[in-house]
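Here's the structure, in structure tokens; my notes come after.
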Amino acid sequence: MSALLSVSDLSKSFGAVIVADETSFEVAQGAAIGILGPNGAGKTSLFNLITGAMTPNAGRITFDGADITAVPAAKRCKMGIARSFQVPQPFGGMTVFENALVGAVQGAGLSGREAEAHVLDVLEATGLMNKANVRAGSLSLLDRKRLEMARALAAKPKLLLLDEIAGGLTDAECVALIETIKNVHAAGTTIIWIEHVVHALLAVVEKLIVINFGKKIAEGAPKTIMDSPHVKEIYLGVDPHA
Amino acid sequence: MTTAFVTRSTRASRIAMIIAVLALIVLAAAPWWAGRADLRLMGEIFLYLALACLWNLMAGYAGLVSVGQQAFVGFGGYMLFALTMFGGLHPVVAILAGGVLAAIVSVPIAILVFRLRGAYFAIGTWVVAEVFRLSFAQVSSLGGGSGSSLPVDVVRSLADSRSGREALAYWLALGAAVVVIGVVYAFLRTRRGLALTAIRDSEVAASGLGIDIWRTKLEVYVVTSAFTAIIGGLIFLQKLRISPDAAFSVNDWTAFVIFIVVIGGIGTLEGPIIGTLLFFALRETLADYGTAYLIALGAVAIVVMLKAPKGVWGLIRDRFDIELFPLSYRVRTRDDHQGN
């Protein structure tokens with residue numbers, strides 16, 4: 001399998017705060033990987049670097065065979081990278097339908113009826129169809145999270161970055177969300193998922209990467225990673241010698 | 001399962017369209033039914049409406065909160081005088097040429113001031129406007145600091161009779177307001193308008209979804225500057241006299257315009273229209289009270305900002321969920337195919 005995304009020696013710091021420290025990894029075409037790490041480990045910053053919201057101090061990002069390290073964020077979305085935001089960023093004055101339409105028109109480059117039909121499909125898949133005409137600013141947290149997902153999917157990404165999309169959901173809601181993500185993955189979309197709700201993550205991903213203080217400290221099959229004493233110590237605060 | 005489909009027009013927007021066309025016919029006939037003073041006042045209202053609509057597009061949608069648009073009002077006014085007096089152009093041609101020149105001038109200004117953010121951007125645009133004012137005050141052939149009047153032969157070239165000129169100035173003002181509202185509306189309905197509306201609500205999400213924010217803002221800045229200059233030309237065609245202080249007045253061409261947009265409802269097309277009507281209603285009823293009039297305007301602005309930050313139109317829209325300009329997309333299913 002060829003790598004869709006390849007990150008090599010990526011570093012980023014704000015003064016003394018290091019959010020990425022020579023991070024390197026590859027994501028194969030069609031893979032689904034999860035990213036774990038304590039709060040402030042640099043998970044969201046990693047997404048910001050991949051999407052172009054932040055510029056790295058050093059290192060290189062390759063996507064779909066092209067070096068995108070210096071490519072602006074908007075262009076990266078058109079190339080096929082879309083994300084959801086951990087803190088939802090809806091277009092509050094626009095309806096749910098219009099929010100997703102922005103992704104379809106600007107990100108995926110669709111127009112007219114084709115764009116509208118695609119958005120309706122996405123709203124159906126994400127369970128937002130009955131809220132299509134509601135202003136995004138008045139949505140509940142769950143619906144805002146769904147909208148984050150819908151908007152990213154409307155952009156028809158090759159690589160979908162999900163940032164704590166399951167946080168704060170009830171078990172039933174979580175099950176529905178996992179189902180949606182599984183379907184997206186099954187349709188061929190490559191996924192990188194940051195999540196603290198580990199059981200949700202494990203239901204979808206085939207590989208885990210653990211980061212701490214901006215540094216990648218482990219990478220491998222979910223079971224191996226979850227059983228690793230080192231990861232338990234950092235992530236769960238368990239003393240391996242106890 | 002019912003099939004969903006997407007529509008943009010609503011019953012309210014269709015009714016609003018019919019009323020707008022009727023109102024336009026009545027207004028276009030005003031030179032036959034209105035007195036001279038009323039005609040002049042209505043002309044002024046239309047030009048303020050156009051300025052407010054443009055400032056709203058720039059600040060309310062593109063997030064470019066400029067307090068320096070008087071730079072382009074004055075520039076357009078001065079281009080009318082310079083191009084008719086020295087270039088021999090017909091006033092209407094000179095006004096349009098002023099718009100084109102303003103578009104060209106606005107590009108380097110944009111590159112300069114777009115480096116600034118928020119309050120710094122606002123101050124930066126104001127400084128640019130002051131530079132314009134001081135520069136035009138240096139041009140002695142345009143009357144320097146004391147300004148000049150439009151020569152009689154230029155004024156005559158518009159129409160022979162005074163009433164003919166006044167009617168023409170009125171129609172130009174009405175036409176400009178209709179064109180500006182039409183252009184802004186048509187723009188907002190396109191995919192670029194969708195992108196601009198997204199930028200209005202969240203720049204970070206917009207850029208993540210493939211929208212080139214800098215370029216979109218530049219386009220908006222250039223287009224609004226060009227139209228603002230054209231409106232400036234029309235304003236001084238009505239006044240027939242220009243001076244640097246009048247042309248580049250921050251009070252007249254920016255503070256009042258901001259007031260109109262904010263009380264009407266920023267970031268909506270309807271807001272500037274309602275705001276213009278409210279502003280002139282206040283001005284005409286309170287103008288005799290001198291400074292008390294400005295104090296009243298300030299008090300109204302403060303109350304609206306505290307109690308209804310989305311303006312008067314924001315209140316109406318939230319309560320009734322209506323829209324006079326059909327910009328929204330409505331998803332409907334076959335069995336509830338009713339406009340609202």
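All values reported here derive from a predicted model rather than from experimental measurement. Quick note on labels: first sequence line is chain A, next is B, and so on, each numbered from 1.
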For chain B, find which of [options] contributes the most heavy-atom pairs closer than 4.5 angstrom.
| options | result |
| --- | --- |
| V105(A), V119(A), T95(A) | V105(A) |
| E148(A), R151(A), R76(A) | R151(A) |
| G107(A), G93(A), G103(A) | G93(A) |
| R83(A), R135(A), R113(A), M129(A) | R135(A) |
| T51(A), I81(A), L101(A), L123(A) | L101(A) |

Task: Test item: L120(A) and V6(B) side chains (from C-beta on) under 4.5 Å apart, heavy atoms - done: yes

Task: For chain A, which residues of residues 203-220 of chain B have heavy atoms nearer than 4.5 angstrom - done: V204(B), A205(B), A206(B), S207(B), G208(B), L209(B), G210(B), I211(B), D212(B)

Task: Sorted by number, residues from residues 182-190 of chain B in contact with chain A (heavy atoms, under 4.5 Å) - done: none

- [ ] Check whether A73(A) gets within reach of chain B through its side chain, its backbone, both or neither, counting any heavy atom under 4.5 Å.
- [x] both

Task: chain B contact via L161(A) - which portion, at a heavy-atom distance below 4.5 Å - done: neither

Which heavy atom in [X] sits nearest to a heavy atom in [Y], and how many Å separate them?
| X | Y | answer |
| --- | --- | --- |
| E98(A) | S328(B) | OE2-CA, 2.9 Å |
| P90(A) | S202(B) | O-CB, 4.2 Å |
| Q106(A) | A195(B) | NE2-CB, 3.4 Å |

Open item on the list: Taking atom NZ as the centre, does K216(A) end up with more than 12 heavy-atom neighbours from other residues, nucleotides or ligands that are less than 6.0 angstrom away?
Closed with: yes

Task: Expected output: side-chain R191(B) to main-chain S111(A) donor-acceptor under 3.5 Å - done: no

Open item on the list: Quick check for you: among L327(B), T268(B), T197(B), which has the greatest number of heavy-atom pairs under 4.5 Å with chain A?
Closed with: T197(B)

- [ ] With rounding to the nearest 0.5 Å, note down the distance linking CZ in R330(B) to CZ in F97(A).
- [x] 12.0 Å

- [ ] I would like to know whether D201(B) and N99(A) meet side chain to side chain contact (heavy atoms under 4.5 Å, CB included); could you show each step before the answer?
- [x] CA-CA 10 Å; D201(B) 289 352; N99(A) 268 262; over 6 Å; no

